[in-house]
Amino acid sequence: MSALLAIPMNTTMCCVKGCNVFENKTQITAHSTAAVLPIKMWNKLQCPRTELELLFTLCGGQCFRWRKSGNNEWTGVFGKRVWILSQDESNILYKVVTSSQQQTKGRKRKLEKEPLAKTTNKHGDDDLSVEREILREYFRLDVALEQHYAQWSSQDPHFKSAAVKFKGVRILAQDPVENVFSFICSSNNNIARISSMVEKLCSLYGQQIAEVDGTMYYDFPPVEALTGTSVEKKLREAGFGYRAKYIHQSACRIMEMGGVGAKVADCICLMSLGHLESIPVDTHIYQVAAHNYLPHLRGRKTVTDKMYTEIGDHFRTLYGPLAGWAHTILFCADLKMFQEDTPAKKKKKA
């Protein structure tokens, strides 16, 4: 998502009733210094492209720690690991690099014969590896997406038009701490610059995970790492501008009592806390809503609290309990970066 539109920074609640973003303030511990570690061979997880399109899901403004690292390959960080992902028409392909500390823990678990998480997915696979289950949870693969696309398309002609080109857009299950500070960086910003800022934040205050192909990857910093007295000055020097103050103040406020703005709170509720009906309203979604659904809102310079609630409620009424997911597909369809480079267009040209 992009710029904040005059949303106050004095609430801890998103627009979903009962969702307190920082209700449980878990202490986050840092990881050990990284080493240069070997990359595993490709693993495979069955998932058709109509259920997950990596391009739209990883590069569509939900998260900012993925970069295209090769032809049809993306490298990013989540779950304290470095992931390299690719896909064909039927499968997600993945490699994982972990820190030396995690590898030691894994060996210790084997020696102690501690059982790994055991589960069964819809394809009937038993005894999934920890990494495979992390991947399934990250992409929320328990949600059968095609049937929801069909339902939303039947209810909304505008969505049906967007869905033809933008299949497989999934809502990621992200870490809430990373989510909140990433979207503070999104204020009046574009995706490329937000991504750059988030990586700077990680390299300045996060712990190293591993070096892959000459690039060092870092875990996202814990909240307490952003509360130091020198944080604002250091981030300003690193090019964060006025966002440096918000990052530092938000970290301090979260450690004390919790507290972010409505749009950031809705991003966290949607992308980290499982409230898939949450609707983060930014400039793109305001424009989509005003142009296609609520014409009486056209021409407004700022999104007031009343307008924010009206737009969110409209989409929740239209799309139901997964309204935030449907809205994310509309958001992707509105991004200029995807207008000339969709998989459907590439296939047609070929």
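For His158, the ring-ring contact (aromatic ring centres under 6.0 Å, His included) partners at least two apart in sequence or on another chain are Tyr293. For Glu137, there are no side chain to side chain donor-acceptor pair (under 3.5 Å) partners two or more places apart in sequence or in a different chain. For Arg170, the salt bridge (Lys or Arg N to Asp or Glu O under 4.0 Å) partners at least two apart in sequence or on another chain are Glu51. In terms of the side chain to side chain contact (heavy atoms under 4.5 Å, CB included) criterion, residue partners of Ala251 (sequence neighbours excluded) are, by chain and number, Phe181, Val223, Leu226, Thr227. Residues meeting the salt bridge (Lys or Arg N to Asp or Glu O under 4.0 Å) test with Arg236, sequence neighbours left out: Glu232. For Phe159, the ring-ring contact (aromatic ring centres under 6.0 Å, His included) test picks out Tyr149, Trp152, Tyr319, with sequence neighbours left out. Ser161 pairs by the side chain to side chain donor-acceptor pair (under 3.5 Å) definition with nothing, not counting sequence neighbours. Under the side chain to side chain contact (heavy atoms under 4.5 Å, CB included) criterion, Lys160 pairs with Ser153, not counting sequence neighbours. Legend: residues meeting side chain to side chain donor-acceptor pair (under 3.5 Å) with Gln151, ordered by chain and number and at least two apart, are Gln155. Partners of Glu237 by side chain to side chain donor-acceptor pair (under 3.5 Å), not counting sequence neighbours, listed by chain and number: Lys233. Under the ring-ring contact (aromatic ring centres under 6.0 Å, His included) criterion, Trp74 pairs with no residue at all, not counting sequence neighbours.
Looking at Trp83, its side chain does come within 3.5 Å of a backbone N or O of Phe78 through a donor-acceptor pair.
Counting only residues at least two apart or in different chains, salt bridge (charged side-chain N to carboxylate O under 4.0 Å, His left out) contacts with residues 184-206 comprise Arg65-Glu199.
Relative to the six-membered ring of Tyr205, Lys234 meets both conditions, a distance below 6.0 Å and an angle of at most 45° to the axis.
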